[in-house]
Amino acid sequence: MSNIQIPRGTQDILPGESEKWQWVEQIARELCTNYQYKEIRTPIFEHTELFQRGVGDSTDIVQKEMYTFKDRGDRSITLRPEGTASVARSFVENKMHGLPDQPVKLYYLGPMFRYERPQAGRFRQFVQFGVEALGSNDPAIDAEVISLAMNIYKKVGLKNIKLVINSLGDQDSRLAYREALVNHFKGSIHEFCSDCQNRLEQNPLRILDCKKDRDHDLMKTAPSILEYLNDSSKEYFQKVQTFLNGLGIPFEVDPNLVRGLDYYNHTAFEIMSNAEGFGAITTLCGGGRYNGLVEDLGGPETPGIGFAFSVERLLSAIEAEQLDIHFAKPLDCYLVGLGESAREKTLPLLQEMRMNGVAAETDYLDRKMKAQMKSANRLHARFVVILGDDEIEKGVALVKNMESGDQVEVSLSELVEHIRTA
Ligand code: HAM
């Protein structure tokens with residue numbers, strides 16, 4: 001019988017790797033707490049209609065990439081491809097607009113699913129860390145959200161990152177721009193790929209994002225959204241830039257940054273890695289403002305802005321920049337028990353250590369002292385504690401400091417404290 005293998009585009013995160021994930025996740029969580037974003041956990045599957053309405057029927061995500069199936073009650077269910085639509089649904093369902101503290105600032109961390117062609121940086125199951133701020137139309141919160149994303153990367157230690165921003169304007173600006181794009185492309189749309197031909201009517205902005213047709217002459221001469229922003233949209237975008245400057249966050253304005261989801265308006269942004277050897281897909285993080293989404297999902301008029309990044313791409317960036325990070329908590333103590341009576345002592349001692357903040361390990365394979373010392377070395381134990389019949393009789397343990405090589409006798413009643421405070 002052949003072995004069963006992991007599905008394409010997914011990965012096992014094994015010990016050695018999982019510590020890196022925990023480390024990154026903890027940095028992001030802590031910074032969110034300082035920025036006062038609170039965690040929300042929504043289901044991994046939702047009604048398919050949520051993403052059709054939220055992310056948008058004409059997007060690649062909805063048209064080509066969703067894991068959609070009928071459940072046993074004949075309902076169409078989809079594994080979430082992203083988090084924003086779910087957060088907006090939950091905001092409406094739980095009437096969060098009525099909460100006393102506004103805007104409502106939320107973060108989430110969890111697996112997302114997209115049926116994409118797997119390649120470096122592109123998985124079918126990936127973990128997004130995302131934030132959403134709902135209920136404020138202040139350009140200062142755009143700057144806060146962008147700065148939070150940038151500062152997570154900064155805390156992690158990444159140096160080669162670049163922030164790119166754009167404005168998609170309000171509804172009116174977008175409509176005007178849409179018309180300009182249709183006029184620009186329609187005469188020659190037969191020279192474009194079939195996706196772009198569909199996009200012309202459904203979502204002409206997405207033509208600018210096409211990988212197949214990006215070298216077509218009409219792409220270079222396409223009108224820029226920035227020329228179609230009305231005065232209030234221009235002013236909004238200007239203020240976001242002023243606040244970013246005030247925060248000392250460098251950025252580039254790229255009028256071709258359109259993003260792949262339909263809900264965006266006004267501010268759109270991406271953070272890219274400039275690190276050499278990072279690979280073809282350089283986007284680490286994407287986000288923007290989505291002022292109509294909550295209303296589209298049946299809620300009251302509520303502005304919103306957020307971002308999401310995948311932990312996978314963040315870890316690739318750490319690797320590409322060759323950051324020297326010690327992810328794992330070191331082992332404090334390896335306890336060597338010699339003989340039967342020692343075993344009865346080691347278990348309670350181990351328990352006491354572990355319950356008092358000491359990471360401790362022992363042998364469960366009845367190995368010789370030498371083999372146990374090898375394990376202790378491999379695990380980078382700070383101390384080895386040796387407990388034989390003699391020591392037990394005396395009520396002590398032999399404590400070896402693995403760094404200095406010093407060896408001392410410590411009474412069993414003081415052992416845990418000795419290691420904890422060393
Ligand atoms: P998105 O640009 O589709 O936006 O995805 C955001 C980030 O998720 C990407 O920049 C990338 O880090 C990661 N990502 C997406 N697809 C994959 C994949 N197949 N494999 C690995 N990583 C991936 C959104 O999802 C929006 N919900 C972001 C947002 C939040 N906008 C406002 N609030």
Side-chain angles (χ1 to χ4, degrees), residues 8-11 13 21 24 28 32 37 40 42 46 50-51 54-56 59-62 64-67 79-89 91 103-134 141-142 144-146 148-149 152-153 158 161-166 168 206 209 257-273 278-294 302-318:
R8 241 164 91 76
T10 67
Q11 53 178 346
I13 315 295
W21 287 69
V24 164
C32 276
Y37 287 73
I40 179 168
T42 61
E46 298 268 5
L50 173 66
F51 304 112
V55 174
T59 59
D60 280 358
I61 295 182
V62 170
K64 303 183 191 161
E65 296 171 2
M66 294 205 303
Y67 279 89
L79 301 184
R80 61 182 186 192
E82 59 105 50
T84 312
S86 302
V87 170
R89 176 205 46 73
F91 181 90
V104 176
K105 305 205 298 185
L106 303 165
Y107 81 84
Y108 49 89
L109 171 71
M112 307 291 161
F113 304 84
R114 296 186 194 177
Y115 193 80
E116 297 191 84
R117 202 169 61 77
Q119 51 183 298
R122 189 161 277 165
F123 296 88
R124 289 185 172 168
Q125 173 174 333
F126 54 97
V127 172
Q128 267 189 355
F129 192 95
V131 316
E132 313 292 350
L134 294 128
I141 201 146
D142 300 42
E144 172 176 291
V145 163
I146 295 172
L148 172 51
I152 290 174
Y153 292 119
L158 292 180
I161 55 170
K162 182 173 89 174
L163 169 65
V164 182
I165 62 171
N166 188 23
L168 303 172
R206 299 282 301 141
D209 212 21
L257 178 76
V258 293
R259 311 273 304 125
L261 304 91
D262 271 357
Y263 46 61
Y264 291 115
N265 38 53
H266 291 287
T267 316
F269 67 97
E270 288 189 354
I271 300 171
M272 338 282 261
S273 169
F278 182 69
I281 300 171
T282 55
T283 306
L284 295 177
C285 173
R289 186 162 270 287
Y290 46 85
N291 288 351
L293 179 61
V294 170
T302 310
I305 178 160
F307 69 77
F309 65 78
S310 67
V311 178
E312 286 83 353
R313 288 196 196 165
L314 172 46
L315 289 173
S316 309
I318 289 178

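In this text, all values refer to a predicted model and were calculated from it rather than measured experimentally. Atoms within each ligand, like the ligands themselves, are counted from 1 in listed order.
By the salt bridge (charged side-chain N to carboxylate O under 4.0 Å, His left out) test, Glu270 pairs with Arg259, sequence neighbours left out.
A salt bridge links Glu46 and Arg89; the closest N-O separation between the charged side-chain nitrogens and carboxylate oxygens is under 4.0 Å. A salt bridge links Glu144 to Lys105: one of the charged nitrogens lies within less than 4.0 Å of a carboxylate oxygen.
Atom CG in Asn166 sits 5.5 Å away from atom CG in Leu257 (nearest 0.5 Å). The distance from the CG atom of Asp142 to the CZ atom of Phe307 is 13.0 Å, given to the nearest 0.5 Å. Between the CD atom in Glu82 and the CG atom in Leu261 there is a gap of 5.5 Å [rounded to 0.5 Å].
Within ligand 1, the atoms closer than 4.0 Å to a non-hydrogen atom of Phe307 are 29 (C), 30 (C), 32 (C), 33 (N), numbered from 1 in the order shown. When each atom of ligand 1 is checked for a heavy atom of Gly287 under 4.0 Å away, the hits are 31 (N). Listed by number with element, the atoms of ligand 1 under 4.0 Å from a non-hydrogen atom of Gly306 are 30 (C), 31 (N), 32 (C), 33 (N). Below 4.0 Å from some heavy atom of Glu132 lie the following atoms of ligand 1, by number and element: 30 (C), 32 (C), 33 (N). Near Tyr264, meaning under 4.0 Å from one of its heavy atoms, ligand 1 places the atoms 26 (C), 28 (C), 29 (C), 31 (N), 32 (C). The ligand atoms of ligand 1 that sit less than 4.0 angstrom from a heavy atom of Gly286 are 10 (O), 28 (C), 29 (C).
For atom 7 (C) of ligand 1, the closest heavy atom belonging to the protein is Ala308 O, 3.3 Å. Among all protein heavy atoms, the one lying closest to atom 22 (N) of ligand 1 is Ser310 OG, 2.9 Å. What sits closest to atom 21 (C) of ligand 1 on the protein, heavy atoms only, is Gly121 O, 3.3 Å. The nearest heavy-atom contact from the protein to atom 30 (C) of ligand 1 is Thr84 OG1, 3.0 Å. Looking at atom 11 (C) of ligand 1, its nearest protein heavy atom turns out to be Arg313 NH1, 3.4 Å. The protein non-hydrogen atom at the shortest distance from atom 12 (O) of ligand 1 is Leu284 O, 2.8 Å. Nearest protein heavy-atom contact of atom 19 (N) of ligand 1 is Glu116 OE2, 2.6 Å.
Side-chain atoms of Arg313 come within 3.5 Å of backbone N or O of Thr283 as a donor-acceptor pair. In this structure, the side chain of Glu312 does not engage the main chain of Leu315 through any donor-acceptor pair within 3.5 Å. In this structure, Arg289 contributes its side chain and Thr267 its backbone to no donor-acceptor pair below 3.5 Å. The backbone N or O of Pro111 sits less than 3.5 Å from a side-chain atom of Arg80, completing a donor-acceptor pair. Of the possible polar contacts, none joining the Asn265 side chain to the Leu168 backbone as a donor-acceptor pair under 3.5 Å is found.
When Glu65, Gln128, Arg289, Gln125 are checked for heavy-atom proximity to atom 24 (C) of ligand 1, Gln128 turns out nearest. With Phe126, Tyr263, Tyr290 as candidates, the residue nearest to atom 16 (N) of ligand 1 on a non-hydrogen basis is Phe126. Closest heavy-atom approach to atom 1 (P) of ligand 1 among the candidates Arg124, Glu82, Arg259: Arg259.
Side-chain contact between Met272 and Leu284 is absent, with no heavy atoms from C-beta onward closer than 4.5 Å. In this structure the side chain of Met66 never reaches within 4.5 angstrom of the side chain of Phe113, judged on heavy atoms. Side-chain contact between Phe51 and Ile61: absent, with no pair of heavy atoms (C-beta onward) separated by less than 4.5 Å.
For ligand 1, the polar-atom distance check against Phe123 finds a nitrogen or oxygen pair separated by under 3.5 Å. For the pair Thr283 and ligand 1, the shortest N or O to N or O distance does not fall below 3.5 Å. In terms of N/O distances under 3.5 Å, ligand 1 is not approached by Arg122. On a distance-only criterion, Glu312 and ligand 1 share no N/O pair closer than 3.5 Å.
Neither the backbone nor the side chain of Glu270 comes within 4.0 Å of ligand 1, counting heavy atoms alone. Of the heavy atoms in Cys285, only backbone atoms (N, CA, C, O) come closer than 4.0 Å to ligand 1. With a 4.0 Å heavy-atom cut-off, ligand 1 is reached by the side chain of Leu261 but not by its N, CA, C or O. When non-hydrogen atoms are compared, ligand 1 lies under 4.0 Å from neither the backbone nor the side chain of Met112. Using a 4.0 Å cut-off between heavy atoms, Arg114 contacts ligand 1 through its side chain alone, with no backbone atom that close.
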Under 3.5 Å, side-chain donor or acceptor atoms of residues 125-132 against the rest of the protein: list the pairs with distances, not counting sequence neighbours.
residue : atom : partner : partner atom : Å
Glu132  : OE1  : Tyr290  : OH           : 2.7
Glu132  : OE2  : Thr84   : OG1          : 2.9
Glu132  : OE2  : Tyr108  : OH           : 2.7

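Using a 4.0 Å cutoff on heavy atoms, Gly260 does not count as a contact of ligand 1.
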